[in-house]
Amino acid sequence: MADLAFLGNNIKAPFSSIRQLFDHLRAKPDVADALNATYTYHGLFKTAASKNGLSDQKFIIEISPTRLGLRLAELDLFLYSHGFTEVLEFFTELTSKNLHHLLSMLGATIGADLFPLHRSSNINFRLYDYTPDTAAPQSEIGCGVHRDYGTFSIVFQDETLGLEIESASHPGEWLPVPADSAVMLCGWSAFIVSGGELRAVRHRVRRQPGVRRLSAVLFVAPDLNVALKPIISGKSNVQFSPDVLEGKVNVGRLKEFRDKKWCWREGNAKPEDGEDVSQDADIERLILG
Ligand SMILES: O=C(O)CCC(=O)C(=O)O
Ligand SMILES: [Fe+2]
């Protein structure tokens with residue numbers, strides 16, 4: 001199953017630094033504000049769950065290389081001595097050592113070259129703190145059911161159970177990812193480009209009330225201007241929408257669709273009355289015929 005791979009525990013994310021970073025930002029609202037001021041669109045430290053009991057019950061630190069590039073020097077002052085250095089080093093090394101290999105493996109599986117679609121490093125790093133200390137301490141919803149939008153994501157866990165993947169053979173059945181394993185899973189872009197050969201893997205995070213869980217995720221997507229369509233002609237086993245087949249759905253457009261629902265789920269924006277909060281249904285309407 002090339003769209004889902006358990007990577008074991010050879011690569012260790014620096015969870016003591018990640019914990020230190022979250023603890024520091026929670027304890028120092030002025031530092032959190034300064035961090036968020038470097039990226040005013042939605043901020044970099046997301047704490048909607050402290051007020052909103054219906055959203056995903058998690059805190060987030062966004063470490064997008066492009067966003068950080070904006071004001072990295074200022075961040076130095078606040079965060080480098082509180083775990084930030086180790087976290088940045090981890091993601092930088094992970095990307096430089098593994099990205100090329102993973103893209104060539106995925107490409108080999110489907111008999112295509114994925115490198116021309118991934119020239120501009122459209123990657124993101126995110127840290128999650130599924131802390132029990134939120135507006136809904138008893139809620140089991142750490143992260144609602146979804147598929148990622150990109151090519152693949154790698155999730156590292158702090159040895160606490162929570163991440164679950166929908167069974168391919170029995171939809172509706174949820175399989176826990178072993179707590180000590182990292183996992184690579186494919187997203188919507190891989191699904192489209194591979195003509196459906198690679199699934200976009202549905203997953204979610206369940207909270208165990210009273211238990212804190214930390215995770216670190218690397219997201220890899222094609223360049224924003226890439227038109228998403230099956231790249232091996234005649235091989236697709238999926239009926240895609242005319243928009244996809246005519247090359248009208250680029251990665252940026254797919255991401256916009258994803259972002260809207262993502263923001264609701266994460267509590268950074270509210271749905272209009274009557275709007276459906278399911279993230280996948282919208283994307284399916286866009287890409288399937
Ligand atoms: O925290 C996790 O284990 C997974 C998070 C996730 O699925 C995501 O951010 O897309
Ligand atoms: Fe995800």
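Atoms within a ligand are numbered from 1 in the order they appear, just like the ligands themselves.
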Heavy-atom pair of closest approach, residues Gln208 and Leu161: NE2-O, 3.4 Å
Check whether any N or O atom of His146, backbone or side chain, sits under 3.5 Å from an N or O atom of ligand 1, and answer yes or no. yes
Please state whether His203 comes within less than 4.0 angstrom of ligand 1, counting heavy atoms only. yes
Looking only at heavy atoms, which two atoms of Tyr149 and Ser189 are closest? And how far apart? O-OG, 2.6 Å
Atom indices of ligand 1 within 4.0 angstrom of Asp148 heavy atoms, with elements: 10 (O)
How wide is the angle at the Fe ion (ligand 2) between OD1 of Asp148 and NE2 of His203, to the nearest 10°? 100°
Is the shortest N/O to N/O distance between Tyr130 and ligand 1 below 3.5 Å? yes
Out of Tyr128, Tyr149, Phe156, whose heavy atom is nearest to atom 8 (C) of ligand 1? Tyr128
Any N/O/S atom of Cys143 sitting less than 2.8 Å from the Fe ion (ligand 2), backbone or side chain? no
Does Asp223 use its side chain to pair, donor to acceptor, with the backbone of Arg119 at less than 3.5 Å? yes
Shortest non-hydrogen separation from Ala136 to Gln57 and the atoms involved: N-OE1, 3.1 Å
Lys58: heavy atom below 4.0 Å from ligand 1, yes or no? no
Please give me the minimum heavy-atom distance between Glu197 and Thr109, naming the atom from each residue. OE2-O, 3.4 Å
Any non-hydrogen side-chain atom of Ile18 less than 4.5 Å from a side-chain atom of Phe90? no
